[in-house]
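Notes follow the structure.
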Amino acid sequence: MKVLLVGNGGREHAIAKKIAESPVLTDFFSTPGNPGINTLAKVANTQNTPESIVDWAEKNSIDLIVCGPEIPLVAGLADAAADKGIPVFGPKKIGAMLEGSKIFSKKFMEKYNVPTAPFVVLEDYEAAVEYVKGHSQQYPMVIKADGLAAGKGVKIAADEKEALDTLHDYMIKETLGEAGKKVVIEEFMPGEEMSVFYLTDGKKFIRLIAAKDYKKVYDGDKGENTGGMGCYAPHQSLTKDVSDKIENLIMPGIKRGFAEEHFDYRGILYVGLMLTKDGPKVVEFNCRFGDPETQGIMPLIDEDVVTLFYQAACGNLEHEDIKWKNMFAASVVVASKGYPGSYEKGKEIFFETDMKDYIHAGTKESNGKIVTNGGRVLNAVATGNTKAEALKKAYELAAKATFDGCFYRKDIGS
Ligand code: AMP
Ligand code: GLY
């Protein structure tokens with residue numbers, strides 16, 4: 001099978017490693033790829049648009065497109081490929097809107113009784129300011145930009161000043177562009193987070209192992225939200241009781257909604273949960289695998305992922321369940337100073353071991369050297385028979401790659 005992988009981050013490198021092991025793989029391409037992915041796949045010379053990717057796939061007789069990130073899916077990659085009869089692992093635009101618009105996803109949850117935080121939608125600045133001024137008892141207050149913002153569109157405001165500043169940034173200064181012109185304001189839910197993933201062909205939903213992502217930039221969950229600074233899997237708070245609640249209270253509404261809205265959703269549904277004292281509640285949906293959760297999940301799958309992805313993409317998932325290695329995995333993100341704010345790129349990375357020992361997230365090759373090219377630069381990933389062993393190995397690896405201004409959280413797994 002000829003596979004084209006779309007994306008250039010750590011998540012895609014982790015997926016690429018698993019695809020490269022597949023016994024049914026005959027040819028493997030990636031676009032745009034990165035120095036890690038490029039050790040496994042040939043670079044497909046496409047532009048970064050659904051049309052260009054699908055065009056290239058058609059000309060090169062690609063059997064399956066696997067899409068890592070959300071942006072191409074929200075832009076309609078799966079729709080464009082469906083017109084040419086090319087299966088895509090990733091939903092069509094309508095399903096991807098569960099991630100592409102917080103307003104869409106919150107309204108979906110409301111309509112189908114999926115437990116989530118109570119919310120209001122505010123489409124203009126004056127109304128949002130009035131709402132904030134009228135709800136002085138509601139802190140911390142969660143303010144979410146409606147559109148895609150690479151994990152930077154959520155502010156947990158501690159007081160009215162922070163809330164008003166956030167509205168001004170999002171809606172007047174447009175610091176997130178179009179994405180922040182409308183907002184959702186919702187109740188803060190205290191609890192532990194859990195990233196749960198379903199592999200689906202639109203009809204059958206197979207739950208993967210859950211992961212714990214560490215979203216805040218600094219140790220002790222301090223500082224700004226990021227895309228994720230590390231993870232471990234499987235999540236140890238996924239008890240039988242939590243699992244039953246997810247399947248009995250959260251999933252029925254989602255499944256009914258998918259059917260009634262005709263999403264024809266083929267790929268991964270990422271259900272971000274908060275384990276509150278009143279049971280699990282949905283924080284967000286994403287239309288793709290998590291990053292960095294995937295870096296922890298992929299090494300534990302004991303299956304051929306190309307077959308799984310292909311079946312899902314064709315709307316015909318034959319598996320009832322997925323086999324897993326009885327191990328733990330941990331991933332530590334090595335980031336650039338300044339992330340998730342502004343940071344410099346182009347710093348040379350020095351590897352004490354082989355650069356292939358790492359999952360590459362924000363790297364590029366420049367004059368024969370590997371240099372930084374993003375906020376989250378590398379993932380140090382390891383597996384072990386215990387969580388402690390996986391973490392110890394991941395941290396040993398994290399310490400062996402350095403660049404000017406590199407840092408990582410020291411408390412992943414705690
Ligand atoms: P989201 O993009 O909606 O997942 O939000 C990003 C992060 O903000 C989440 O992973 C949580 O850590 C935090 N967050 C979002 N909504 C809430 C909420 N209602 N209560 C508590 N934390 C939240
Ligand atoms: N790690 C969070 C996400 O992928 O959205």
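Remember, it's 1-based here, ligands and their atoms both numbered in the order they're listed.
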- Using the six-membered ring of F403, assess whether NZ or CZ of K347 lies under 6.0 Å from its centre and within 45 degrees of the ring axis. no

- Message: Under 3.5 Å between any N/O of F289 and any N/O of ligand 2: does that happen in this structure?
- Response: no

- With atom 2 (C) of ligand 2 as the reference point, say which of G227, G290, A211 has the nearest heavy atom. G227

- Item | K102 neighbourhood, listing ligand 1 atoms whose heavy-atom distance to it stays under 4.0 Å | 1 (P), 2 (O), 3 (O)

- Which is it for V283 and ligand 1 at heavy atoms under 4.0 Å: side chain, backbone, both or neither? both

- Task: Kindly say whether A128 contributes a backbone atom to a donor-acceptor pair with the side chain of E130 at under 3.5 angstrom?
- Result: no

- At a 4.0 Å cut-off, with the gap strictly under it, does some heavy atom of K216 reach an atom of ligand 1? no

- Message: What I want to find out is whether D264 reaches R266 closely enough, with some N-O distance under 4.0 Å, to be called a salt bridge.
- Response: yes

- Are W324 and I322 side-chain neighbours, meaning at least one heavy-atom pair lies under 4.5 Å? yes

- So is R11 polar-close to ligand 2, meaning N/O to N/O under 3.5 Å? no

- Query: Do the side chain of R288 and the main chain of I71 share a donor and acceptor less than 3.5 angstrom apart?
  - Reply: no

- ligand 1 atoms in contact with M189 (distance to a heavy atom under 4.0 Å): 18 (C), 19 (N), 20 (N), 21 (C)

- Query: Which atoms from ligand 1 have a heavy atom of E186 less than 4.0 Å away?
  - Reply: 16 (N), 17 (C), 18 (C), 19 (N)

- Task: Classify the side-chain pair N316/Q311 by whether it contains a donor and acceptor separated by less than 3.5 Å.
- Result: no

- For residues Y112 and F108, establish whether the separation of their ring centroids is below 6.0 Å. yes

- Query: Using the benzene-type ring in the case of Trp, are the ring centres of Y218 and Y408 under 6.0 Å apart?
  - Reply: no

- Is there a nitrogen or oxygen of E293 sitting under 3.5 Å from a nitrogen or oxygen of ligand 2? yes

- Query: To which of K215, E193, K281 does the heavy atom nearest atom 12 (O) of ligand 1 belong?
  - Reply: E193

- Give the atoms of ligand 1, by number and element, whose distance to some non-hydrogen atom of M274 is under 4.0 Å. 21 (C), 22 (N)

- Query: Distance-only, no hydrogens or angles: does the E110 side chain make a donor-acceptor pair with backbone N or O of K106 under 3.5 Å?
  - Reply: no

- Item | Close approach, D213 and ligand 1, non-hydrogen under 4.0 angstrom | no

- Message: I'd like to check which ligand 1 atoms, numbered from 1 as shown, lie under 4.0 Å from a non-hydrogen atom of F188.
- Response: 20 (N), 21 (C), 22 (N)

- Query: When you check the gap from the basic side-chain N to the acidic O, do K144 and E186 get nearer than 4.0 Å?
  - Reply: yes

- Task: Write out the residue and atom name of the closest protein heavy atom to atom 3 (C) of ligand 2, then the distance separating them to 0.1 Å.
- Result: R288 NH1, 3.4 Å

- Query: Backbone, side chain, both or neither: what part of E187 comes under 4.0 angstrom of ligand 1, heavy atoms only?
  - Reply: backbone

